[in-house]
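These notes concern the structure reproduced below.
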2 protein chains.
Amino acid sequence: MLTVTPVNEDTAPRLRLAIARIARQLRQNVDAPSDLSTTLVSALATIDRAGPLTLGELAAAERVQPPSMTRIVTKLEGRGLVSRSIDRDDRRVARVEITADGRRLLQRSRTQKTALLAQRLRTFTPEERAVLEAALPLLERLAEERR
Amino acid sequence: MLTVTPVNEDTAPRLRLAIARIARQLRQNVDAPSDLSTTLVSALATIDRAGPLTLGELAAAERVQPPSMTRIVTKLEGRGLVSRSIDRDDRRVARVEITADGRRLLQRSRTQKTALLAQRLRTFTPEERAVLEAALPLLERLAEERR
DNA sequence: TATTGTTATACTCTATAACTATA
DNA sequence: TATAGTTATAGAGTATAACAATA
């Protein structure tokens with residue numbers, strides 16, 4: 001017997017709405033630690049995660065045009081959160097790397113965001129938390145980038 | 001015996017990251033239907049959901065300053081997506097309401113976003129979908145606004 | 001006077017086009 | 001010539017301050 005397994009037609013819209021709202025709250029409540037905009041924090045996090053990157057690679061990763069990334073990096077550099085260095089073999093290329101200060105700032109930002117969510121999770125029963133934890137790997141699969 | 005029920009220390013950060021990423025993808029892939037920016041779509045959705053609202057209420061709901069909301073509403077009105085009307089009893093007050101065109105545009109936008117998510121859900125096994133659906137009410141609780 | 005909304009002005013983020021330096 | 005990055009310029013979104021209309 002062939003079993004067709006349709007997606008419950010309610011699931012996708014409800015999931016979409018819930019995710020959009022949670023993300024918005026996280027953003028509104030705790031973005032811009034030390035006055036850093038979302039843009040700057042996001043770029044900084046990418047530099048941290050993906051290691052030294054050229055400006056072009058960084059622009060692609062952040063889905064921003066190169067001139068925008070020039071400005072972003074200039075600001076981050078001005079605050080001492082990243083350092084820029086010129087490639088010795090090809091002097092057109094600039095590489096960007098996070099500094100210790102940059103890493104500390106990211107750490108603070110993450111802690112704040114996580115705290116908000118953790119606080120809400122504390123209002124859940126152990127059973128509820130177990131359900132959420134079971135779904136977590138699936139949410140992580142949904143989150144995987146694939147374009 | 002007292003049972004302390006600590007939140008698994010990994011859950012909050014993983015959930016935060018997964019949600020932020022899914023939300024970002026949904027935004028990047030399908031926001032701005034008919035060239036409308038996220039800002040405009042968000043305001044329009046609030047007007048739709050919460051019915052006729054004054055500019056001030058709307059500004060508060062969207063967490064924007066009144067002058068910003070004046071501009072947003074002016075743009076939406078220019079496109080025929082909302083209509084504005086002056087309160088008869090207190091003529092300082094302006095109320096904003098969604099139009100049929102506005103409702104149609106929102107509908108299209110939601111359909112697109114849901115489609116992307118539904119497509120990904122189709123790659124899940126029935127068991128996996130069941131796990132996700134079980135977690136959905138909990139995510140919805142997390143999404144509830146409480147400030 | 002107090003309140004609702006608007007106009008004036010400035011700053012951030014982003015883009016495209018034109019440019020510079022290097023290959 | 002082609003490529004990596006920058007500078008010039010413009011548009012959207014937002015904010016604060018000052019203002020107008022109404023209560």
Side-chain angles (χ1 to χ4, degrees), chain A residues 24 27-47 50-79 81-97 105 109, chain B residues 24 27-29 31-47 50 52-79 81-97 105 109:
Chain A
R24 181 154 57 94
R27 230 178 306 133
Q28 286 185 341
N29 282 298
V30 291
D31 255 5
S34 323
D35 288 344
L36 233 59
S37 70
T38 311
T39 303
L40 296 184
V41 174
S42 174
L44 188 60
T46 296
I47 295 165
L53 288 175
T54 68
L55 283 229
E57 288 165 348
L58 200 42
E62 290 291 295
R63 307 195 166 251
V64 144
Q65 293 303 309
S68 301
M69 193 45 72
T70 292
R71 268 141 221 261
I72 291 168
V73 168
T74 300
K75 288 194 180 172
L76 292 174
E77 199 182 18
R79 288 173 183 255
L81 304 173
V82 304
S83 65
R84 200 193 298 231
S85 60
I86 303 296
D87 186 295
R88 273 177 287 308
D89 295 341
D90 181 347
R91 306 196 21 240
R92 293 169 308 179
V93 174
R95 277 205 183 64
V96 185
E97 195 168 359
L105 183 143
S109 159
Chain B
R24 181 153 58 93
R27 229 177 310 133
Q28 287 185 341
N29 282 298
D31 254 5
S34 322
D35 291 339
L36 233 59
S37 70
T38 311
T39 302
L40 296 183
V41 173
S42 174
L44 188 59
T46 295
I47 296 165
L53 289 175
T54 69
L55 282 231
E57 289 166 348
L58 201 42
E62 290 290 297
R63 308 199 161 247
V64 144
Q65 293 304 308
S68 301
M69 192 45 71
T70 292
R71 268 140 222 259
I72 291 168
V73 169
T74 299
K75 287 193 182 175
L76 291 174
E77 199 183 18
R79 289 173 182 254
L81 304 173
V82 304
S83 64
R84 200 192 299 228
S85 59
I86 303 296
D87 185 297
R88 272 176 289 306
D89 297 339
D90 182 347
R91 305 194 24 239
R92 292 169 307 181
V93 173
R95 277 202 182 65
V96 186
E97 194 170 359
L105 184 142
S109 160

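Proteins get letters first, then strands, A, B, ... in listed order; numbering begins at 1 in each.
- A:Arg84 comes within contact range of the sugar-phosphate backbone alone, with a heavy-atom separation under 4.0 Å but no base atom that close.
- Here the closest heavy-atom approach between residue B:Ala43 and residue B:Glu62 is recorded as N-OE1, 3.5 Å.
- D:dT6 atom C1' lies 15 Å from atom CG of A:Leu58, rounded to whole Å.
- A:Ser37 has a side-chain polar atom (N or O) that falls below the 4.0 Å cut-off from OP1 or OP2 of C:dC13.
- Between B:Val73 and B:Val96, the closest heavy-atom pair is CG1-CG2, 4.0 Å.
- Residue A:Thr70 places at least one side-chain N or O closer than 4.0 Å to OP1 or OP2 of D:dT6.
- Between the two ends of the helix from C:dT1-D:dA23 to C:dA23-D:dT1, each summarised by a five-pair axis, the helix axis turns through 20° (rounded to 10 degrees).
- In this view, B:Pro52 and B:Arg95, B:Glu97 satisfy the side chain to side chain contact (heavy atoms under 4.5 Å, CB included) rule, not counting sequence neighbours.
- Separating the CD atom of A:Glu57 from the C1' atom of D:dA4 is a distance of 11 Å, rounded to the nearest angstrom.
- Remark: A:Thr39 is in phosphate contact with C:dT14, judged by side-chain N or O atoms under 4.0 Å from OP1 or OP2.
- A sub-4.0 Å separation between OP1 or OP2 of D:dA12 and a side-chain N or O of B:Lys75 is absent.
- In terms of heavy-atom proximity, B:Ile86 sits nearest to B:Arg91 at CG2-O, 3.6 Å.
- Residue A:Leu36 contributes atom CG, which lies 12 Å from atom P of C:dT12 at whole-angstrom precision.
- Across all their heavy atoms, A:Leu44 and A:Leu81 have their closest contact at CD1-O, 3.8 Å.
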Protein-proximity profile, nucleotides 15-23 of chain C, B/S/- by nucleotide at the 4.0 Å heavy-atom cutoff, equals BBB---BBS
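- Following rounding to the nearest Å, A:Ile72 (CD1) and C:dT12 (C1') show an atom-to-atom distance of 11 Å.
- A donor-acceptor pair under 3.5 Å is formed between the side chain of A:Thr74 and the backbone N or O of A:Thr70.
- If you measure from atom CG of B:Leu76 to atom P of D:dA12, you get 14 Å, rounded to the nearest angstrom.
- Nearest heavy atom pair, residue A:Val64 against residue A:Met69, reads CG1-N, 3.7 Å.
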Show your reasoning for whether side chain to side chain contact (heavy atoms under 4.5 Å, CB included) applies to B:Thr39 and B:Lys75.
CA-CA 11 Å; B:Thr39 302; B:Lys75 287 193 182 175; over 6 Å; no
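- Taking atom CD1 of residue B:Ile86 and atom P of nucleotide D:dA23, one finds them 11 Å apart after rounding to whole Å.
- Side-chain contact check for A:Leu55 versus A:Arg84: some heavy-atom pair is nearer than 4.5 Å.
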